[in-house]
Protein chains: 2
Amino acid sequence: MSSADPLEDAVRASKAPAIARAAAVLRLLGKRGSPMGVQAIARELGLVPSTCLYVLRALVAEELVAFDPDTKRYALDAGVLTLARAWLKRDQFNDLAQGPLDRIAREFGLTTLGVQIFGLDHIIVTAMSQSSQNFQLSTQIGSRFPALVSATGRCIAAFCDQDIADLRPRFDSLRWDEAPSWADWCAQVCEARETGVAVDAGHYISGVTVVAAPVWKNGADATGAPSHALVAIGIGAALRGELEGLKQALAGAARSLSEQLAG
Amino acid sequence: MSSADPLEDAVRASKAPAIARAAAVLRLLGKRGSPMGVQAIARELGLVPSTCLYVLRALVAEELVAFDPDTKRYALDAGVLTLARAWLKRDQFNDLAQGPLDRIAREFGLTTLGVQIFGLDHIIVTAMSQSSQNFQLSTQIGSRFPALVSATGRCIAAFCDQDIADLRPRFDSLRWDEAPSWADWCAQVCEARETGVAVDAGHYISGVTVVAAPVWKNGADATGAPSHALVAIGIGAALRGELEGLKQALAGAARSLSEQLAG
DNA sequence: ACTCATTGTTCAATATATAGAATAACATTC
DNA sequence: GAATGTTATTCTATATATTGAACAATGAGT
């Protein structure tokens with residue numbers, strides 16, 4: 001018998017529930033831009049106010065949360081930045097991916113991303129390169145997306161351990177500008193499995209073409225799921241003729257990256 | 001009677017010690033680039049291995065820490081990035097500071113930083129602008145420095161609530177390439193208090209001149225300590241004649257920022 | 001191949017973090 | 001200006017997270 005509240009589940013399951021609560025508080029404070037009071041946070045997360053207060057105080061002591069004594073409001077603090085910087089610095093994928101991403105972005109005049117894949121759940125943007133700064137397509141580093149959506153989703157579906165049919169419920173819950181049919185999508189997933197590249201032609205965002213190629217942390221020989229992916233985002237109409245070239249460039253860069261990460 | 005171990009103190013003082021432990025683990029994993037095992041982490045932080053394991057599992061569940069089942073090693077995960085992005089997005093200082101920082105960096109051909117001040121303890125770089133990408137002076141976003149060092153340190157000392165004499169022990173513990181004498185430093189602090197700008201001419205890093213101007217979150221009228229600062233970093237020899245102009249530009253931008261943040 | 005020394009992990013007793021009510025300090029409204 | 005709805009905060013009993021020892025599981029060294 002499981003609770004409807006995901007946070008409550010995490011708290012119950014863990015032997016260190018304070019950490020789950022702390023993470024939830026941090027995420028909430030991140031989502032809301034504005035500072036929040038103790039009660040507001042507790043109410044939102046279904047926490048006991050006193051417990052919430054202790055969590056906040058601990059987070060303030062660690063400089064992950066800033067406290068304004070005047071307004072008695074809490075907000076995210078710069079400590080999170082220090083952690084993020086450390087992570088960015090030591091993830092080989094980012095260092096190795098930045099070069100190829102820059103090259104492809106410049107060559108084709110579009111935006112490229114490096115993303116980390118978290119199973120079938122979601123992906124996070126960890127590297128980015130933009131050629132033309134006037135057109136700010138895409139997103140920022142740290143953004144999250146559902147795993148199975150867009151071109152990256154087809155890559156993930158193509159190389160995940162599960163049977164495609166099992167992905168149906170997940171597929172049905174996705175949001176697209178112009179959702180593809182299940183049959184079309186399955187065919188595109190198969191194609192991605194064979195070619196090592198996937199294309200989303202205006203489905204996820206109308207008029208925008210997304211190309212993605214999977215990257216394996218432990219060599220492309222592994223039958224397991226890819227750990228990362230390279231993504232290119234461009235105006236569909238603008239890269240008609242170049243699409244094949246882009247696909248090959250991205251796939252080639254992804255293969256090369258997989259080999260480098262294998263060592 | 002206080003322990004010699006700062007983490008232990010934090011754990012004892014808090015009503016949510018798991019959070020202090022979790023933060024310590026995250027910072028340790030950040031400092032070491034490479035993944036670590038449970039025992040290594042526990043030993044390093046003076047934690048009980050079993051407790052450490054539970055902390056790690058909770059952090060893995062929150063996607064703040066990545067776990068490799070094969071090697072049984074833990075490392076920072078991308079979740080920290082999501083938090084950092086949220087923070088950067090909603091801190092007014094960064095948004096407002098980026099423009100002036102870009103302008104000054106371009107105009108004088110050097111590197112500019114926006115930093116957040118954490119009392120007399122340390123500062124964190126939260127914004128940055130580089131003009132010439134070939135010369136990579138300076139640091140990255142998220143870097144920490146001791147509060148009282150370099151030009152920023154003089155600003156902080158100038159406007160902190162404490163008496164200058166009380167800062168002596170902190171001053172003595174700083175590391176400089178060419179440390180100034182206590183008397184010289186005090187004079188420079190006084191000058192910073194009067195002019196609203198501070199200069200470090202090759203003391204912190206030989207040959208490198210650093211200029212800093214304090215920014216107040218709640219208006220420059222406050223007698224309290226500044227919350228942020230604008231910093232410019234350049235090769236000393238290269239900006240000889242422009243130093244006065246740079247000081248005025250930085251001080252002016254800092255004043256303007258303080259006013260904007262006051263609202 | 002067999003120690004030996006590590007490692008990661010489980011388990012039960014106890015110190016303690018948490019929940020919930022009570023308190024205090026505001027605002028806001030009447 | 002009293003009253004009412006907030007808010008943040010303290011307090012204490014109890015459910016429980018933490019501890020330290022015991023347990024596997026791995027690998028190194030002889």
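Reckoned from all heavy atoms, side chains included, excluding hydrogens, waters and symmetry mates. In this text, all values refer to a predicted model and were calculated from it rather than measured experimentally. Residue numbers start from 1 in every chain, and the chains themselves are labelled A, B, ... in the order their sequence lines are given, proteins ahead of strands.
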Select base, sugar-phosphate, or nothing to describe what Arg43(A) touches, counting heavy atoms under 4.0 Å on all strands. sugar-phosphate
Do we see a donor-acceptor contact under 3.5 Å between the side chains of Gln98(B) and Asn94(B)? no
Whole Å only: how far is the CG atom of Leu53(A) from the P atom of dA17(C)? 15 Å
Rounded to whole angstroms, how far apart are CZ on Arg73(B) and P on dT6(C)? 15 Å
Taking 4.0 Å as the cut-off, does a side-chain nitrogen or oxygen of Arg21(A) come that near to OP1 or OP2 on dT18(C)? yes
Rounded interatomic separation in angstrom, taking NZ from Lys15(A) and P from dT18(C): 15 Å
Toward the 5' end of DNA chain C, by each residue's nearest nucleotide, Tyr54(A) or Gln39(B): Gln39(B)
Hey, what's the ring geometry for Phe93(A) with His228(A), parallel, tilted or perpendicular (30° and 60° as the breaks)? parallel
Think Lys72(B) has a side-chain N or O under 4.0 angstrom from the OP1 or OP2 of dT26(D)? no
Whole-Å gap separating P (dG20(D)) and CG (Leu47(B)): 11 Å
So which nucleotide from dT18(D), dT9(C), dT18(C) ends up closest to the side chain of Ala16(B)? dT18(C)
Is it true that Lys217(A) and Asp68(B) make a salt bridge, defined as a side-chain N closer than 4.0 Å to a carboxylate O? no
Whole-Å gap separating P (dG8(C)) and OH (Tyr74(B)): 8 Å
Atom-pair distance (CD on Glu44(A); P on dT7(D)), nearest Å: 13 Å
Can a donor-acceptor pair be found between the side chains of Gln116(A) and His122(A) at a distance below 3.5 Å? no
For Val48(A), answer base if it contacts any base atom (sugar-phosphate contacts may also be present), sugar-phosphate if it contacts only those atoms, and nothing otherwise; contact means non-hydrogen atoms under 4.0 Å. base
Describe the nucleic acid contact of Arg57(B) in one word from base, sugar-phosphate, nothing, applying a heavy-atom distance below 4.0 Å. sugar-phosphate
Rounded to whole Å, how long is the line connecting atom CD1 of Ile19(B) with atom P of dT16(C)? 17 Å
Is Asp121(B) salt-bridged to Arg170(B), cutoff N-O under 4.0 Å? yes
Figure out the CE/P separation between Met36(B) and dG8(C), and round it to whole Å. 10 Å
From the candidates dT9(C), dG20(D), dG20(C), the one with an atom nearest any side-chain atom of Ser50(B) is dG20(D)
